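Naming: A, B, ... by sequence-line order, numbering from 1 per chain. Just so it is clear, the values below take in all heavy atoms, side chains as well, and ignore hydrogens, waters and symmetry mates. From a predicted model like this one, the values you see are computed outputs, not experimental measurements.
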Amino acid sequence: MGSLPNAPTLSFSSSLSATTLLPCRRFTAFPRRLSSFSVQAKIREIFMPALSSTMTEGKIVSWIKSEGDTLSKGDSVVVVESDKADMDVETFYDGILAAIVVADGETAPVGAPIGLLVDSPEEVAEAKAKAANSAPSPAPAAAPSAPATPPPPPPSPPAKSVSDAPTKTVATPQAKKLAKQHKVDIANVVGTGPFGRITPADVEAAAGISPSKSNVTPLASPAPAKAASATPSPAPIPGSSVVAFSTMQSAVAKNMVESLSVPTFRVGYPVTTDALDALYEKVKPKGVTMTAILAKAAAMALVQHPVVNASCKDGKNFVYNSNINVAVAVAINGGLITPVLQDADKLDLYLLSQKWKELVDKARAKQLQPHEYNSGTFTLSNLGMFGVDRFDAILPPGQGAIMAVGASKPTVLAAADGFFSVKNKMLVNVTADHRIIYGADLAAFLQTFSKIIENPESLTL
Amino acid sequence: MHSSLSLSFSATSSSAATVSRSRYSFHAPAAVPLNLRFCGLRREAFGSGLAASLNRNLPRRPHSAAVSAALSNNGSTPKSFDYDLLIIGAGVGGHGAALHAVEKGLKTAIVEGDVVGGTCVNRGCVPSKALLAVSGRMRELKSDHHLKSFGLQVSAAGYDRQGVADHANNLASKIRNNLTNSMKALGVDILTGFGTILGPQKVKVGSSNKIVTAKDIIIATGSVPFVPKGIEIDGKTVITSDHALKLESVPDWIAIVGSGYIGLEFSDVYTALGSEVTFIEALDQLMPGFDPEISKLAQRVLINPRNIDYHTGVFATKITPARDGKPVLIELIDAKTKEPKDTLEVDAALIATGRAPFTQGLGLENIDVVTQRGFVPVDERMRVIDANGKLVPHLYCIGDANGKMMLAHAASAQGISVVEQVTGKDHVLNHLSIPAACFTHPEISMVGLTEPQAREKGEKEGFEVSVAKTSFKANTKALAENEGEGLAKLIYRPDNGEILGVHIFGLHAADLIHEASNAIALGTRIQDIKFAVHAHPTLSEVLDELFKSAKVKARASSPVSEPVAV
């Protein structure tokens, strides 16, 4: 395992591009993205997949492809022995297998990179270097990354440690397993359990708050660890019950906390929807859903305002996305997931509706592939069906803007000519990253959106 | 008191069928014991009916606490002895022997210094099965993946520790009562007090000077948890299985010293109830007693995915209970180099390093018997051997106290074998036909030799050894239960079809093993048993497949004996 790339950039970049080979059914509510590194993803990591719900690590039985082989989507690349069976693992992407990080016969925890995939032959050498080089930070543009040597243990653990051996790290079996799984360096985790031991919760806190999975992120990991120890949560009120987050809920919580690092602002806009409602009545029998209509309208507006579809990942650059992928927030089984309608501007309403139905079915069955929930460039959240008239949404990490849609309600409106009329009015509220999207941008975008909704014929074209 | 109890039993009884069946099998001139599986415990499942109906066939006599009174009323005993057979220890071994002795018409007494049932019923197999029943259900209810594949939805599963503990305790007392009543109903005298051998055929019971004589004596005193030195048991944080079965607490983190079947079963219980477990194993790999292939698979299923880690190749030299605000401290040294290796800090430690014979104070010195590490030396017929290597007449030792095979049902089988001998029929028990099981989820079971043992034997005796395997993944019933995880392994002689060993890891493995153990006990060969029909779809087809996949050169010995028209 010495050849595991411990350069922060590598795993970050793969988070950026959100490309994994994972046929993983585990949910993350929002893609794990990190917003502080500028390296674009050209090298994709092939991760140890979770082949069963109980699998924590896997053994490479054999690589079917060798280094330098060209892969196309769907090819079997490697045979992995899980705790259950030997299984072929397929790639989701075209590319060249640049480097094998975990060789035949070796084991790696779920989620650990086992190989590197690149787009062009030019990048093979670079990827190889990264794979081979376990020495400090080979990545060229490794932003403000600290040396890859593990950071010193956090200062003064909040020591209830009555142990005779103060320097000893004591971690429970599950904590060790989780640390391995999430790549948390156990030495950097502050134990809050009995006798100062590291509990599974400590590891989860360390893994959960830090945006990337830890031990390769010397920058991020100590900070949350300290934060976690510095603010001990108050004792629960007697009689209350404590229910641990599910995986999905942890992911939501993590992303929500992460959003605090982004300066956001909000702009609201009233939209009359009489025409839209009429259109909806017409197309509803054909299977068109309101979600599809709103996603389509937002996508068409985004075409005209690309900056709202952009994102800022490192605080220094605009990242203009070539596709308009509208993620739609859905509450599901006590969690939250954002299935993505890819290329929402290009598909027609009927196809979008059909696509949406498929996504929701998959989400319910927990069968969404990672790219189906973490490739969004803009998010739509609609609580109108509950009668909510307005709300604002929290910006998901890695995106520039999110639109919160309220209910459409009959409202008395005074027209410019002084006549009153009753029209259906809906309030939309967009939360955006002010580093790249300014007030005027958002206002213009909302104006366009409103025009599309008020003259919805264009939606059906 | 005694008689009123047995009367109430016969009043509620109904079935006599079981009795006649078992009688037949014992009278049958089988070379190998048909009813080896006659563990007293299993018998208790239908205890009352069996006991009471047996009772009808026997001369009724009023029970009395006074031994002399009982003496005069029980026909066959020569006047010189109080009893035909006296058994010291009313565990499963003693109970099995007592029941069979009564069946053989012997006037029998059993001496018990503690509670009837011994380790198995009170501090072993029985209460642990209650805990494992709970852990199995908890596992199912907590396995979202598993439930979802059934289309089931269950909201968060939880448990009440006291409720679980009560279940184990209630089960033990129920089985204990059944055991006691069955013996009383049969007319076995239960003498309370520790038994001490004073001389040949003479035993003192309890601290009073009550002396009982018997024609033959069986020592069945069993065993107690073995605690290596350096380990301080406080019964709260450093415990043995005796304490653990009471489930007085469920620690967050418990170290289990020893990864044999006791340790494994407890790891199953504790992890299901939310504890994290650290195994400490002196040998280089976990589950040393099992067939290597089975233990490798078992580790993949029972250890790796659970909240368990382990240290192998280490001894726990010193274990200090939690006190003065400190956790339980476990000092580990390397098993080979004896170098200090690590110190663990955990919430509790369970010592599951095996069991030591309970033979102290038995008065063995009075008959010149020297124990070996506490075990009573015996020959293959369970006859006790004295310090000079000579057999002690009329004295036998069965069960954990002789250390041949420390299993409840083995003790019972040994007891039955002894009774056969003292009633005039020579009998040697084939220990290789005795199955063993570990009741994890899924279960592990085995009979006969492991693959390495078989290969070694084959090399020495010059025969070929083959192995056949089948997977539970191919079994319809297992798949219907969504429990396709598992393996059955057959070790056999391809030349004559003899079954050398069978090892099963999978759903209900403990129940499945008996087809193989019976075949070994009866000497059935693979080429014959493969024609036996199994109901479809059942788990037993795993063994059916297994036998059919074996490649035996010998032909089936006898064709179907007589065609039966249907």
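In this structure a side-chain-to-backbone donor-acceptor pair under 3.5 Å is missing from A:K177 to B:D309.
With sequence neighbours excluded, the residues satisfying ring pair (Phe, Tyr, Trp, His ring centres under 6.0 Å) with B:F150 are B:H146.
Here the shortest heavy-atom pairing between A:R197 and B:E345 reads NH2-O, 4.0 Å. B:G325 and A:F195 get closest at one heavy-atom pair: O-CE2, 3.3 Å.
Atom NZ of B:K318 has 12 or fewer heavy atoms from other residues, nucleotides or ligands within 6.0 Å. Annotation: B:K489, atom NZ; neighbour count of heavy atoms from other residues, nucleotides and ligands within 6.0 Å is above 12. Applying the 6.0 Å contact sphere to CZ of B:R137 captures no more than 12 heavy atoms from other residues, nucleotides or ligands.
At a 4.5 Å heavy-atom cutoff, the contact between B:D347 and chain A is made by backbone and side-chain atoms alike. Interface residue B:I303: only backbone heavy atoms are found under 4.5 Å from chain A.
Of all residues spanning residues 268-285 of chain B, those with a heavy atom less than 4.5 Å away from chain A's heavy atoms are B:E276, B:V277, B:T278, arranged by number.
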